[in-house]
Amino acid sequence: MSEQPNIKQLSDFIDSNPDPREQKRALAIMMWIEGVPCSKIQKILNVSAAFISQCKAKFIKNGVEDLRLKYRLFWSQGDKQN
C-alpha cells in the first residue's frame, strides 16, 4: 500500500454501509488517520488498543480489503445440495 492511506476508498467503504463489525474497523482507521488519539478512539468505539493496532496493521498491509470479514462456509455431506 502507498505511504498515503487512501482516505477516499476508506470513506466510500464506510458509506457503503458494511457489516457493523467492518464499519467499526473502518471508523477506527479513519479516526487514526485524522489524528485522534488511541485512548479517545477506544472510548468512542468501545474497543481495545489491541483492536486498533490490529486494524491499523491490516489496513497498512492491504488497504480496505483486509478490514472486511472473512467468511468460510463448511458443508457437511448431508447438507450438500445436488
Side-chain angles (χ1 to χ4, degrees):
M1 191 169 160
S2 66
E3 291 279 323
Q4 291 290 333
N6 190 337
I7 296 173
K8 170 88 171 95
Q9 185 182 18
L10 186 60
S11 181
D12 289 346
F13 177 68
I14 292 168
D15 292 342
S16 74
N17 197 24
D19 180 280
R21 294 167 290 177
E22 293 174 339
Q23 191 166 32
K24 190 174 271 196
R25 294 172 184 169
L27 288 171
I29 296 304
M30 183 64 84
M31 294 169 76
W32 167 68
I33 290 170
E34 292 174 348
V36 177
C38 185
S39 60
K40 194 165 191 172
I41 297 171
Q42 286 177 269
K43 288 179 184 173
I44 292 170
L45 297 179
N46 194 30
V47 297
S48 67
F51 173 87
I52 298 166
S53 294
Q54 289 171 355
C55 292
K56 288 189 319 190
K58 289 179 179 185
F59 183 73
I60 290 168
K61 183 177 179 187
N62 291 317
V64 170
E65 275 308 306
D66 261 10
L67 300 179
R68 296 186 187 279
L69 295 173
K70 309 292 190 258
Y71 289 107
R72 286 188 182 176
L73 296 177
F74 295 100
W75 297 89
S76 68
Q77 286 291 71
D79 291 339
K80 285 188 180 178
Q81 296 181 5
N82 297 327

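A donor-acceptor pair under 3.5 Å links the side-chain atoms of R25 to the main chain of L67, judged by distance alone. Looking at S11, its side chain never comes within 3.5 Å of a backbone N or O of K8 through a donor-acceptor pair.
The two atoms that bring R68 and E22 nearest to each other are CA-OE2, 3.3 Å, heavy atoms only. Across all non-hydrogen atoms, the minimal contact from Q23 to I14 is NE2-O, 3.6 Å.
If you take CD on Q9 and CZ on F59, they are separated by 7.0 Å, rounding to the nearest 0.5 Å. Rounding to the nearest 0.5 Å gives a distance of 11.0 Å between CZ of F13 and CD1 of I29. The CG atom of L27 sits 8.0 Å away from the CG atom of L10 when rounded to the nearest 0.5 Å.
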What side-chain donor-acceptor pairs closer than 3.5 Å can you find for residues 33-46, not counting sequence neighbours?
none

